[in-house]
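Take a look at the structure set out below.
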Amino acid sequence: MNFDLSEEQQLLQDSVARFIEDNYALETRQHLVASDLGFSEPYWQTMADLGWLGINVPEAHGGIGGNQSDTMVLMQALGQGLVLEPIFASAILGTRAIVDGANEDTCTRLLPSLVSGERRLSVAYAEEQARFDLDDVVTRITPQDDGYRISGRKSMVFHAQGSDYLVVSGRSYGGQTDRDGITLLLVDAASEGVRMTSFPTVDGLRASEIEFEDVFVPKAHLLGAEGGGYSLLESIAIDGILALSAEAVGAMEVLYKDTVSYTQEREQFDHPLSDFQVLQHRMVDMFMEYEQCKSLLYRATLEVVQRGHAALKTVHALKYMVGKVGTFIGENAVQLHGGMGVTEELRVGHYFKRLLVIDAQFGNSDYHLAKFAD
Amino acid sequence: MNFDLSEEQQLLQDSVARFIEDNYALETRQHLVASDLGFSEPYWQTMADLGWLGINVPEAHGGIGGNQSDTMVLMQALGQGLVLEPIFASAILGTRAIVDGANEDTCTRLLPSLVSGERRLSVAYAEEQARFDLDDVVTRITPQDDGYRISGRKSMVFHAQGSDYLVVSGRSYGGQTDRDGITLLLVDAASEGVRMTSFPTVDGLRASEIEFEDVFVPKAHLLGAEGGGYSLLESIAIDGILALSAEAVGAMEVLYKDTVSYTQEREQFDHPLSDFQVLQHRMVDMFMEYEQCKSLLYRATLEVVQRGHAALKTVHALKYMVGKVGTFIGENAVQLHGGMGVTEELRVGHYFKRLLVIDAQFGNSDYHLAKFAD
Amino acid sequence: MDIDLSPADIAFQSDVRAFLAENAHKPGEDYAAWRLNWFKLAGEKGGWDIPKWPVEFGGPGWTPTQHYIWEKETASAQTPWDLPFGLSMLAPVLMNYGNAEQQQRFLPDIRERKVNWCQGYSEPNAGSDLANLKTKATLSEDGTHYTVTGTKIWTTLAHIADWIFCLTRTSDSGKKQEGITFLLIPMKQEGIEVKPIITLGGAHSVNMVHLTDVRVPVENRVGEEGKGWTYAKGLLAHERTGLAGISRSLVALENLRKQAATVQRGNGTLLDEPGYRAKLAELEVDLLAAEYTELRSLASAANGSEPGPESSILKLKGTEIQQRIQKLTVEAGGIYSAAWGQSSAGHKFARGGMTGYLSSRAYTIYGGASEVQKDVVAKNVLGLRKS
Amino acid sequence: MDIDLSPADIAFQSDVRAFLAENAHKPGEDYAAWRLNWFKLAGEKGGWDIPKWPVEFGGPGWTPTQHYIWEKETASAQTPWDLPFGLSMLAPVLMNYGNAEQQQRFLPDIRERKVNWCQGYSEPNAGSDLANLKTKATLSEDGTHYTVTGTKIWTTLAHIADWIFCLTRTSDSGKKQEGITFLLIPMKQEGIEVKPIITLGGAHSVNMVHLTDVRVPVENRVGEEGKGWTYAKGLLAHERTGLAGISRSLVALENLRKQAATVQRGNGTLLDEPGYRAKLAELEVDLLAAEYTELRSLASAANGSEPGPESSILKLKGTEIQQRIQKLTVEAGGIYSAAWGQSSAGHKFARGGMTGYLSSRAYTIYGGASEVQKDVVAKNVLGLRKS
């Protein structure tokens, strides 16, 4: 039993921390948020050079060949910096889809370019009517001789703008919420019939609504089995939830620590705010909930490494807790920063926004509590 | 719009306060708790003399002819004294059953003796399998020429011991949870076939399990309509919930005020406990929740006076809040009294126990929240 | 004890409803013209444009119950936007402490919504501890004017205001509540710089206002020098009660329920999901109770009694309820609440859901942070002192 | 990072399971005899009767992981009742600060469960503020004995104890933490009166102990005069970690789930009611997390590191979890939880439900009230100071 980081993990953590220290001052970040692309291409290249984009990719394809506990270290560190580059969309969700779902040829062709930062991916799984259910899919996939046609609309696809390929879930057969009949395809974003409307999200990222109008996909771009894509989708979601939770735990740490510092500096009624017992206990509660979240993050991650999909229940528990605690810590960090907390000038508000969006991604707190209780 | 007490209500409140002041020191109360009957016959007679037992009874039958807002004043004041006498069982639940359900002859015969304290009633509505559902009834009622036969078992009948009559719900026809088919009867407690096992409850009251083995009840003792007793049962429950809630609000007031006093007297770390901001804010929360409960008590009571059963939703809201807030205030009163709070020596623990039992009577907090949300 | 409205109150309610229905904004109608006309018509009803002003200043002299009816009816009807700064914050100070000349000079323009005011109280180091303010006002040797230098913060709508009413420090000796002076200052002049503060929802509503050697004629001082704190204090308490927003929350909750009913889940809607349903029910119960807490507070005011302890909790409960409604709106919108601004994604109501929620976080900070409010209740209502 | 038990740990786990299964109490077996024999057999396994004692005093020298395995296995198996006062509270003090004679005199009897001890720390005016204690011990002029007078409170099982270990005041000068002396006093003697305190659940477990001119030979003093606070302090922190009871809560939650499944509701059980179901799930998630918080704390101890910040929260979270389990037990029992003692009413598990819950309210008070614990975390972990 051992919760220490391996030497490689420690190096990874340090390299992320250094990168953030050097490159992610709030002002710089907000500049990137306001840019057209919404993140920095040079940073993206640095991330590729540091090997982060290959964290999930087998060594044979040029990656690091890490498992979910390595991803956890990466994402927790990135969460401390509110990093904008599409690592989550492309290097976590996207590569999982390719590594587990694509044929050898596609892997050989695509993975090295993902690792090198040359290409980016994004996963289009959500549909408006589905709310948080992965198995509620109406986008239609029709087979034809040499491939498939997709028609339908995918919603809130993070970082689709600027992606080269889209991983898209659609229905080959079955009823609207049948698990059987779901198919995943790798779609060239430049294909005819793909129409994308992009917009910023509250946390400074980018998302898109995407319409597919009879879009052609070659047979070789089938991911997983035709009609049997649900299990791959679940793998993507499990990795996604673990990674988002790790990012959230990183953000929570910044929030509680920033609050501790701020209240020690800010004076009211001739005392630093941190002298007030009510605020002290609030910070103790924030700290305790953060530690609890971190414990559950370790638990869920290590269980998934050991048992895969069989650890799904703990993953539900984690996402529930991350949503609940993230809101709790975020609300209190803002409250204890007072007026400054509700402005864009301090970083607490930005971390809080990211936590809010994380709660809404892949199912919110209520949703996962209900799944856990099932 | 007016929330002031009427002159009569003010007099009633004062008379209860004086009675408690004179007669209900904790030691005296615990002496009564330990006695065979569990309360004081002389006190009961005093209550009759003061007119409290006739609060719900029409003036024509010797009562005061009050409505639910008068009962509220009485019960809220009694709640401040943790009074043991079976006013709730007999003078609230019991008289409602008779006044609304009995024929004129029974009313004329029975009500004056209830008002004078000569006789006592108790209502047997609960069955073990029913949990909190009034309409889940398996006790069987069979008609015969000159009356009815009852067979079955009623559970947790408060103050049945020492009652002269029992109001019993049973099923004449229909399935286990049909509202239609429920019949209420007035049963002489001394009837052949009534077997009572009595025991104390956590809050120092008495309850009984009662077996009915083919017990005969004359036709004249039918309450309400045969098979149509559910609406009467609901009236009893509405009055019961309002009265218990009023009692609870009275108890909450004692708890928060005792806590304020105790923390001002008790010193730790060279300060009165009340100097500590965390404890101050806890007491502010207790106070706020108490005030909110009181507001909702007024609302539900006045709405029932105006609109009867149509106000049921607000009654559900009230019982939910009383359960939740009662627990919150009780737990914190005990916590802030420290070690002494968990002993039988201070009164806070006893008030807390009463609040716990009130939460479990006529459906707990969860139950009523679900009903409210329906 | 009863909750019936009197026949007179019922008549008043009908009258209000008729007025609001008749004068609602019609599609296509010019908003600005409609707005000013609405206030004019309301004024013609007998001071309905200034419901809380005393009769001697043209107010309608309503009973607390009438005020309650007005609040409740206007919360759900379409009424023109209005700002509290001149109308509800400055006006009472002028009425109580201003001289006749000041009253004549400023009140009519406030009533006609001609002049926009903003409030210069908070400073970077004087938030919850407002009396710590440092903006310096120095009286000239000839006694004709003050020179004001300092920084005000959280100044709502300073960027569209014509005037600012300011608490300034004229003396450093004695308790910090002493030596504070109340000044009225035109915004459009040399030496005043307004810097926007963007809040989490992305909105520009509050500002930083820098004052550098701003000349303020002594006629613009309200009341005596050094007494400004006393003038402002009563007002703050008044401001807090208004912030509870119970009537608005009742309307907002109703909207939320309708919105959640449009989110389909299986054969039902989000309202059928037990977790969401329970949170909505809990919120509704708290609001049912808070509504009566407000009524109790009004009723005791109507009887001429001092406000009871229940009134002290209204801002605390009311703002918490407002925040919970916003939170449940975000949850109803699901991931679509994350879309910024006018995106086309998801349920229509979800757009801006998170920004609304983020803005609502300020409710428990501005106008007396909840923690400070609880200190006040502990001291003034429960009689506790802090170490 | 991994959560696998090492092969050695797995072997140990099997060994423990085998021991516990083999030596479980058999129906009809004399309990007292079985109990003493159980400890004897556990001792023969190599100090399993004294898991936390150091090797030099006969303890097994387990790793933290082995301790965790032991706790987890014994929590669900049938093991004899045991008291912590001599074994876990006094013994470490004697080992660290007692002289060889005292160690030989007291430790063997403690190990054999022959002598019952109780703990004389708290006093009526020294609860959370323990250092405020006033029980006076005066050394005789000839230096042979102390005379002790004072009152101890919350003394668990004083009424069956043979000895009490007491903190007493031997000096009033200096800081109140100084001048405290640690004495060992036989209970059955003139001058000691034990008065029961009945707690809310109706149980007699704690007592008030009055000491009046009790003569204590100086040989019964542990360590130096005036150093008692130092000796006791380390122990208190140690006591707190033990109070988290995570392993026991895991077993209790499993029982609760089984019990709730016996409460029929319609076609299902109480477990199908959304409100109850959600509360149970929330509790279970917190417990899943707390279990890993404990493991993280153990793992860092296993690596020889100082206990990390996570260990400071275990008592706070653990006691809260225990209370929530009790509360949900009460709710499961419905109105039948209100029956006092051994009534025949309702579900079997419901009997005594409320009394269990009421007893659990003490968990956040005894052994350092949660509020004081949070002060400690604020200071020691977050580095905040209090005004």
Side-chain angles (χ1 to χ4, degrees), chain A residues 1-6 9 69-70 72-73 256-257 259-260 263-264 269-277 279-303 305-306 313-314 316-318 320-321 324-325 366 368-374, chain D residues 1-6 9 63-66 68-69 271-272 274 276-282 284-300 302-303 305 308-314 316-317 320 370-371 373-387:
Chain A
M1 199 169 49
N2 168 26
F3 294 96
D4 292 338
L5 301 186
S6 69
Q9 288 174 335
S69 83
D70 302 302
M72 179 183 88
V73 173
Y256 101 74
K257 287 186 174 167
T259 306
V260 166
T263 57
Q264 283 171 322
F269 304 106
D270 304 319
H271 285 279
L273 285 180
S274 61
D275 276 10
F276 293 94
Q277 197 192 17
L279 306 189
Q280 290 193 350
H281 284 208
R282 199 85 57 81
M283 289 186 272
V284 169
D285 288 337
M286 292 162 74
F287 160 72
M288 291 205 304
E289 296 309 314
Y290 156 76
E291 287 290 345
Q292 282 280 87
C293 255
K294 191 161 147 184
S295 293
L296 200 52
L297 172 67
Y298 287 6
R299 179 172 202 144
T301 304
L302 296 175
E303 283 184 12
V305 170
Q306 277 197 332
K313 199 173 154 113
T314 312
H316 288 309
L318 174 63
Y320 151 70
M321 191 181 243
K324 189 186 69 159
V325 170
D366 273 6
H368 285 283
L369 183 66
K371 288 275 175 196
F372 175 81
D374 261 357
Chain D
M1 207 180 259
D2 70 77
I3 46 170
D4 294 329
L5 295 177
S6 70
D9 288 334
T63 64
T65 307
Q66 286 177 303
Y68 169 72
I69 291 167
L271 290 177
D272 302 307
Y276 195 81
R277 193 184 181 71
K279 283 193 278 191
L280 205 59
E282 285 164 1
E284 193 172 340
V285 172
D286 278 350
L287 195 48
L288 285 175
E291 196 186 356
Y292 260 55
T293 303
E294 189 172 45
L295 286 181
R296 286 169 59 205
S297 168
L298 280 170
S300 69
N303 290 350
S305 324
E310 66 282 355
S311 56
S312 64
I313 72 176
L314 277 170
L316 281 162
K317 269 286 160 197
E320 179 213 310
S370 291
E371 289 81 4
Q373 292 286 101
K374 286 191 182 178
D375 281 349
V376 171
V377 176
K379 189 174 155 206
N380 295 350
V381 182
L382 301 184
L384 306 170
R385 69 195 180 84
K386 195 163 65 177
S387 65

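Predicted model only: the values in this text are computed from it and were never measured.
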Fill in: side chain to side chain contact (heavy atoms under 4.5 Å, CB included) partner of D/Lys374, chosen from A/Met288, A/Gln280, A/Gln277
A/Met288

Worksheet item: Quick one: what part of D/Asp286 sits under 4.5 Å from any heavy atom of chain A, side chain, backbone, both or neither?
Response: both

Worksheet item: Which answer fits D/Leu316, side chain, backbone, both or neither, if we ask what part of it has an atom under 4.5 Å from a heavy atom of chain A?
Response: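 For D/Leu316, side-chain heavy atoms alone lie under 4.5 Å from chain A.
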
Worksheet entry | Sole residue of A/Gln292, A/Arg299, A/Glu291 in side chain to side chain donor-acceptor pair (under 3.5 Å) with D/Thr293 | A/Gln292

Discussion item. Under the criterion side chain to side chain contact (heavy atoms under 4.5 Å, CB included), I'd like the reasoning laid out for A/His316 against D/Val285: C-alpha separation, chi angles, the key distance, then a yes or no.
Written reply: CA-CA 9 Å; A/His316 288 309; D/Val285 172; over 6 Å; no

Toward chain D, the part of [X] with a non-hydrogen atom under 4.5 Å:
X	result
A/Asp374	both
A/Tyr320	side chain
A/Lys324	side chain
A/Phe372	side chain
A/Met321	side chain
A/Asp366	neither

Item to complete: Kindly say whether D/Gly383 contributes a backbone atom to a donor-acceptor pair with the side chain of A/Gln264 at under 3.5 angstrom?
Response: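 Checking the backbone N and O of D/Gly383 against the side chain of A/Gln264, a donor-acceptor pair under 3.5 Å is found.
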
Response to the item:
Scored by heavy-atom pairs under 4.5 Å with chain D, the best of A/Thr263, A/Val305, A/Asp285 is A/Asp285

If you compare all heavy atoms of [X] against all heavy atoms of [Y], which two are closest, and at what distance to 0.1 Å?
X	Y	value
A/Val284	D/Ala378	CG2-N, 3.6 Å
A/Val260	D/Leu382	CG1-O, 3.8 Å
A/His281	D/Glu371	CE1-O, 3.2 Å
D/Arg277	A/Ala373	NH2-O, 2.7 Å

Worksheet item: Do A/Lys294 and D/Tyr292 have side-chain heavy atoms sitting under 4.5 Å apart?
Response: no

Quick one: [atom1] on [X] to [atom2] on [Y], what's the gap to the nearest 0.5 Å?
X	Y	atom1	atom2	value
D/Leu384	A/Leu279	CG	CG	9.5 Å
A/Phe3	D/Leu295	CZ	CG	5.0 Å
D/Leu288	A/Glu303	CG	CD	7.5 Å

